[in-house]
Amino acid sequence: ATLPADRYQLDHDNDVKTDVTDDQRSLFMTAQQCKGTTLAPGGKLYPNEYICATDPDDGSSIRFGLNFIGILLFYKNDKVVWSSKKRGDYLVFQEDDAHLVLYSTGNRVAWSSQCFGRGGAKAAEINFGGSSSSRPGLLLVDDNDNDVWFLGTDGSLAGCYPDPKTLLVPPPSKKPAVSPPTKDASVVQDTDPGEQDWDDDDIPINSDGVGIDCSNMRGRAILSTTRRGDPLLTMRFVLRTPKMHPDYPFTRAERTAGGTLTVQLSYEYEGWVALGLSKKGKMVDSEPVICLPNENDVSKYAITRKRVSGIVPRSRQTLADTALSQADGVTECRWAKRLLESGEIPIRTSRSNTFVWAVGNENDLSYHWKRGSVDISFAQCGIKDDVVEVDDVVPKLPRVTPKPRPSPTPQPRPKATPRPSSTPTIGPTDKPTRKPTNKPTDKPVEMKTNRPTLKPTMETEIVEPDVVNNNPGITSFFVMGDAPYNDREMTHWVPRQIEKIPYDADFVFHVGNQMLPASSKCNIMWNMFMRDTALAKSAAPVFITPGENDYVRCRGKIETSDDDVEVAWQNWKDTYLRMDKMWPHPLPVKYHRERPENFSFLLKRTLVISFHMINGPVVDAAEWVERHKSNYEFIKDRLDHHANNYDAVVLLTHAKPTDNHKDFFSRLTFKIVTNSRLKSIPWVYIHGGGKGIYEEEERFLNMKNFLRVQIEGRKRNPINIMIDTTSGGARVKIDRNDKTVWSVCCNPWLEGWAP
């Protein structure tokens with residue numbers, strides 16, 4: 001049986017996901033699979049699967065199961081009346097004890113009914129009477145016909161019958177306080193950390209959700225609420241300075257830094273939490289403290305860009321009084337931070353401080369679920385910054401003189417100078433300086449410094465990655481694309497395609513068009529769901545290139561934007577740029593500095609190059625021509641850089657060649673035909689945009705060593721491309737859904753072109 005599509009009520013009164021927009025709610029509307037009215041012993045429910053029934057009295061529809069992201073929900077007439085508030089991979093009715101358990105990744109218990117029967121299980125069924133409760137609802141029954149657990153259609157919960165409530169899987173206990181090591185030998189952890197009772201409910205809250213009691217310098221801030229107005233994330237804090245708290249046992253470093261700010265975050269959910277200072281109220285360039293429950297870790301980080309890979313731990317971990325715990329679905333994290341630390345944004349007592357916060361819906365660090373910022377000012381309490389600036393806390397910079405600074409020496413000194421020079425040297429020094437330089441050098445140094453520089457070097461991205469394996473071998477990769485175009489393809493077909501990719505594949509490539517604007521409304525949530533739920537299941541690293549559906553055809557689809565194409569393009573970049581970094585892999589990937597969606601790497605004497613080229617429409621003719629020129633320059637640079645180190649070239653993009661691409665292919669053709677080596681090795685051009693039709697064109701561009709392959713995409717399995725360079729040349733093998741053939745083109749051992 002199939003239920004009609006419905007609106008996912010992720011913002012209902014019992015759920016904490018309150019930031020879901022109407023577009024996002026209707027984004028993943030898909031056919032719900034009804035598995036009957038009963039879940040048998042040992043039976044399982046996966047996302048989008050339910051047990052369903054119709055109430056004979058009032059005709060209302062009832063269903064119980066997992067929604068598309070794995071949250072356990074109970075519906076009545078398509079209205080959510082109860083939620084587990086937990087995500088999992090599958091729900092099972094355990095055969096041996098009539099216990100209902102939601103398991104997440106790694107078979108960890110995310111939620112359970114916490115009741116078990118006498119003997120084995122009999123059924124988990126939607127019941128309309130005859131149980132210990134006369135109300136309709138979901139009933140768990142054991143093998144002795146005992147009612148074990150009951151969930152009413154009004155959202156009420158009852159159990160355990162006939163025994164008193166017994167916890168089969170107890171909630172997680174409080175974890176011990178975390179005390180990360182510190183590199184500062186002068187820091188001594190507080191012997192009396194001053195455990196707080198945080199009795200601050202009487203502190204009045206202003207319109208910004210912040211309240212401060214100046215009599216004891218305590219306060220609280222409600223950072224986020226549910227739709228019902230209940231606190232979701234609460235920040236409590238205590239400010240201590242040596243002048244206001246002379247009897248407090250400050251360490252030497254804390255006293256020199258002017259005091260400490262102790263923070264406790266209470267998150268009404270299980271997941272990671274983060275809070276930190278920001279100069280402009282933005283995540284990038286902020287300095288958060290992140291609490292990771294799975295690692296039992298509370299540490300300082302720096303955010304360098306809008307990706308998880310851009311979140312890096314700071315070299316000096318100086319937090320004190322750290323603690324992290326989860327119990328009864330609530331995450332609590334506490335730490336004490338010095339007010340002033342070298343190289344970090346200071347906490348000022350005489351002016352406003354901007355804090356940014358973020359929370360996740362899982363315990364491992366991932367893309368944030370919700371985020372925001374709050375301004376907290378202690379100026380209303382009439383105190384001043386109590387800071388003693390000494391060299392070991394705030395290094396004093398050289399005084400500025402009216403005379404011009406001397407020029408750098410022509411050659412770097414053989415030994416490191418005791419202090420950084422005022423201006424960068426022309427070339428990198430042989431050895432790193434003992435302290436970071438105040439300004440970046442023009443080029444990165446060859447040896448890593450003992451500490452990170454205060455600012456990034458100017459040309460870090462142009463450093464060539466080391467080629468890990470360029471010995472002759474078989475480069476095997478899989479190509480898919482032009483999908484998903486609807487919710488069914490997103491939740492069913494793409495995951496199935498990914499699951500069929502073997503673990504020993506070198507990489508996976510998606511040729512773009514990962515959405516249909518009419519279905520997705522070009523919502524970034526579609527991109528994120530595709531990346532984190534579908535593609536993330538791949539055992540091999542995944543690369544992707546943009547297609548026209550991903551941004552150009554979004555014009556008029558984003559109601560909240562006046563520039564749909566630009567917003568959609570930014571959404572694509574925020575989601576997919578350098579996505580391969582989600583997997584630990586040895587591929588020596590080189591990203592294009594001008595267009596970072598382009599990339600290249602050399603593997604087993606096969607040069608792989610991906611570039612941004614789409615089918616159209618041509619919105620901006622000047623940009624179109626400039627992008628084609630930039631793509632060619634990138635390919636030319638990669639060909640020249642690796643010189644004679646490759647025996648085959650693979651080009652990966654989205655566009656099917658048309659007259660709109662003549663300017664690009666004319667340059668590429670001239671480059672190949674005027675180079676004797678490039679004419680003697682096989683070239684393979686792989687693309688999408690074929691609308692479900694497979695094509696294999698030999699002698700592409702009238703060159704006998706050039707093969708063009710158009711993948712089918714959509715619901716068809718990814719094709720396997722194998723480049724064999726073990727026989728002194730290169731052969732191309734294509735496995736198209738169990739139809740494996742050696743391509744005649746590009747193989748001098750067969751009937752193709754001569755070597």
Side-chain angles (χ1 to χ4, degrees), residues 105 283-284 303-312 360 362 364-369 461 465 468 477-484 489-490 494-495 497-499 501 503 505-515 520 522-551 554 567-601 603 608-614 631 634 650-654 686-688 711 713 718:
T105 305
M283 288 295 176
V284 177
I303 300 181
T304 59
R305 59 193 184 98
K306 295 180 180 180
R307 294 294 297 273
V308 175
S309 59
I311 304 176
V312 294
E362 53 189 55
D364 291 320
L365 186 60
S366 58
Y367 193 83
H368 61 258
W369 175 18
E461 291 192 10
V468 178
F477 59 96
F478 288 76
V479 185
M480 59 187 297
D482 292 304
E489 292 181 9
M490 170 77 83
V494 173
Q497 292 171 344
I498 291 293
E499 290 174 357
I501 295 174
Y503 72 93
D506 289 311
F507 66 94
V508 180
F509 186 78
H510 192 292
V511 297
N513 274 9
Q514 51 86 46
M515 68 164 66
S520 67
C522 300
N523 196 309
I524 192 174
M525 291 292 292
W526 182 282
N527 299 1
M528 294 166 54
F529 191 87
M530 173 67 171
R531 179 194 66 189
D532 298 336
T533 304
L535 299 180
K537 295 181 180 295
S538 172
V542 180
F543 298 86
I544 189 171
T545 192
E548 61 273 0
N549 285 354
D550 297 327
Y551 69 104
C554 287
V567 171
W569 175 232
Q570 187 61 45
N571 290 344
W572 190 95
K573 292 191 293 184
D574 290 345
T575 308
Y576 293 119
L577 279 186
R578 307 194 182 194
M579 179 178 63
D580 62 290
K581 299 301 182 183
M582 295 171 56
W583 290 263
H585 66 78
L587 299 177
V589 183
K590 160 67 180 177
Y591 300 96
H592 191 187
R593 185 177 183 182
E594 181 179 345
R595 297 184 177 276
E597 67 270 22
N598 297 348
F599 65 88
S600 172
F601 55 84
L603 182 67
V608 179
I609 305 175
S610 172
F611 55 96
H612 176 189
M613 193 163 69
I614 60 176
N631 291 339
F634 178 65
V650 176
L651 301 180
L652 300 168
T653 190
H654 174 75
I686 305 173
H687 65 90
I711 71 165

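FYI, side chains are in, hydrogens and waters are out, and symmetry mates aren't considered; it's all heavy atoms of this structure.
Listed here is the closest heavy atom pair of A505 and A540: O-CB, 3.6 Å. Here the closest non-hydrogen pair linking T545 and H654 is CG2-N, 4.0 Å. Smallest separation of non-hydrogen atoms from T533 and K537: O-CE, 3.1 Å. Between G688 and I711, the shortest heavy-atom distance links the atoms CA-CG1, 4.3 Å.
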Test side-chain contact (heavy atoms from CB on, under 4.5 Å) on Y367 and M528 and set out the steps. CA-CA 9 Å; Y367 193 83; M528 294 166 54; 3.2 Å; yes
Could you go through L603 and V608, starting from their C-alpha distance and side-chain angles, then the distance that decides it, and tell me whether this counts as side-chain contact (heavy atoms from CB on, under 4.5 Å)? CA-CA 8 Å; L603 182 67; V608 179; 5.8 Å; no
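Between the side chains of D580 and Y591, at least one donor-acceptor pair of N or O atoms lies under 3.5 Å.
Of the possible donor and acceptor atoms, none in the side chain of H687 sits under 3.5 Å from a partner among the backbone N and O of T653. Within the 3.5 Å criterion, the main-chain N or O of S520 finds no donor-acceptor partner in the side chain of N523. Looking only at distances, a side-chain donor or acceptor of H510 sits under 3.5 Å from a matching main-chain atom of A483. Formation of a donor-acceptor pair under 3.5 Å by the W526 side chain with backbone atoms of Q514 is found in this model. The backbone N or O of N598 lies less than 3.5 Å from no partner atom in the side chain of S610, so there is not a single donor-acceptor pair.
Proximity of F477 to V650: side-chain heavy atoms (C-beta onward) are separated by under 4.5 Å at one or more points. Two residues are said to be in side-chain contact when any heavy atoms from C-beta on lie closer than 4.5 Å; R531 and M582 meet this criterion. N571 is not listed as a side-chain neighbour of Y551, based on a closest heavy-atom distance of 4.5 Å or more. With a 4.5 Å cut-off on side-chain heavy atoms, Y576 and P546 do not count as touching. In this structure the side chain of N631 reaches within 4.5 angstrom of the side chain of R595, judged on heavy atoms. Residues F478 and S538 have side chains not in contact (no heavy-atom distance under 4.5 Å, counting atoms from C-beta outward). Counting heavy atoms from C-beta on, the side chains of L587 and P541 come closer than 4.5 Å. Residues M480 and V494 have side chains in contact (heavy-atom distance under 4.5 Å, counting atoms from C-beta outward).
The structure places CG of N513 at 9.5 Å from CD1 of I544, a figure rounded to the nearest 0.5 Å. Here the CD atom belonging to E597 is positioned 11.5 Å from the CG atom belonging to D550, to the nearest 0.5 angstrom. Rounded to the nearest 0.5 Å, atoms CD1 (I524) and CD (Q570) are 8.5 Å apart. Note that CG of D482 and CE of M515 are 13.0 Å apart. Values are rounded to the nearest 0.5 Å.
The six-membered or imidazole ring of W572 lies away from that of H612, with a centre-to-centre distance of 6.0 Å or more. Between F601 and F543, the gap from one ring centroid to the other is short of 6.0 Å.
The number of heavy atoms from other shown groups lying within 6.0 Å of NZ (K573) is above 12.
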